[in-house]
Amino acid sequence: MDKTDIEQKVIQFIASKVENVDVSKITTASQFGELGLDSMDTVQLLFDAEEEFGVSFDSDEVKNFRSVGDIVNYIGNPPPSVSA
């Protein structure tokens, strides 16, 4: 899946999860707060995104997520797994 496909899928996913947001208004620059998400909503969205996209967000990385683009970039280029 290329970055454009990931962007489209993430935007569609977010539009399906966030009430009262027009999908045409969501871009990779959209901040979670602009979409009407508070911190708890954002956490739930990220949990749902992990399940939807088969990724596991790194807890240190996710603290810095502020926009749709952060999710797209992570899914498109996840950090290497750390093995114990």
Side-chain angles (χ1 to χ4, degrees):
M1 199 169 15
D2 69 15
K3 189 167 182 168
T4 302
D5 289 338
I6 294 169
E7 285 177 18
Q8 291 174 348
K9 288 180 190 241
V10 169
I11 288 170
Q12 288 294 327
F13 167 76
I14 291 173
S16 75
K17 295 291 182 182
V18 179
E19 294 181 16
N20 302 320
V21 174
D22 182 352
V23 69
S24 68
K25 304 288 186 198
I26 302 173
T27 69
T28 56
S30 297
Q31 300 285 308
F32 299 131
E34 294 171 352
L35 300 175
L37 300 173
D38 63 20
S39 59
M40 292 300 293
D41 294 330
T42 301
V43 168
Q44 185 61 53
L45 178 75
L46 294 173
F47 280 131
D48 292 345
E50 284 182 321
E51 188 174 314
E52 178 75 18
F53 296 100
V55 296
S56 181
F57 293 121
D58 178 90
S59 60
D60 290 331
E61 295 275 335
V62 84
K63 291 176 189 173
N64 298 315
F65 283 16
R66 301 287 180 261
S67 71
V68 173
D70 293 330
I71 296 174
V72 170
N73 291 334
Y74 192 95
I75 292 171
N77 190 23
S81 299
V82 178
S83 56

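Atom set for the values below is all heavy atoms of this structure, side chains included, hydrogens, waters and symmetry mates excluded. None of these values were measured; they are calculated from a predicted model.
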Self-check item: Closest non-hydrogen atom pair, V55 against A49
Solution: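 Heavy-atom minimum between the residues: CG2-O, 4.4 Å.
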
Practice problem: Identify the heavy atoms of D41 and G36 that sit nearest to each other, and give their distance. | Solution: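 Shortest heavy-atom contact: OD2-O, 3.9 Å.
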
Quiz item: Roughly how far, to the nearest 0.5 Å, is the OG atom of S39 from the CD atom of Q44?
Solution: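 Reported value, rounded in 0.5 Å steps: 12.5 Å.
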
Quiz item: Got a second to check how far I14's CD1 is from L37's CG, nearest 0.5 Å?
Solution: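 Rounded to the nearest 0.5 Å, the CD1-CG separation comes to 8.0 Å.
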
Practice problem: Starting from V43, walk the hydrophobic network (Ile, Leu, Val, Met, Phe, Trp, Tyr; side-chain heavy atoms closer than 4.5 Å) and list everyone else you reach, by chain and number. | Solution: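 Reading the cluster by chain and number, V43 sits alongside F47.
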
Could you tabulate the donor-acceptor pairs under 3.5 Å formed by side-chain atoms of residues 62-78, not counting sequence neighbours?
{"from": "R66", "atom 1": "NH1", "to": "K63", "atom 2": "O", "distance (Å)": "2.9"}
{"from": "R66", "atom 1": "NH2", "to": "K63", "atom 2": "O", "distance (Å)": "3.3"}
{"from": "S67", "atom 1": "OG", "to": "G69", "atom 2": "N", "distance (Å)": "3.3"}
{"from": "S67", "atom 1": "OG", "to": "D70", "atom 2": "N", "distance (Å)": "3.3"}
{"from": "D70", "atom 1": "OD2", "to": "R66", "atom 2": "N", "distance (Å)": "2.5"}
{"from": "D70", "atom 1": "OD2", "to": "S67", "atom 2": "N", "distance (Å)": "3.0"}
{"from": "N73", "atom 1": "OD1", "to": "K3", "atom 2": "NZ", "distance (Å)": "2.9"}
{"from": "N73", "atom 1": "ND2", "to": "G69", "atom 2": "O", "distance (Å)": "3.2"}
{"from": "Y74", "atom 1": "OH", "to": "S56", "atom 2": "O", "distance (Å)": "3.1"}
{"from": "Y74", "atom 1": "OH", "to": "D58", "atom 2": "N", "distance (Å)": "3.0"}

Quiz item: Looking only at atom types and distance, does a side-chain atom of T42 sit under 3.5 Å from a main-chain N or O of D38, one as donor and one as acceptor?
Solution: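 Yes, because the side chain of T42 sits within donor-acceptor range (under 3.5 Å) of the backbone of D38.
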
With a 3.5 Å cut-off and sequence neighbours excluded, list the donor-acceptor pairs that the side chains of residues 6-13 form with protein atoms.
none

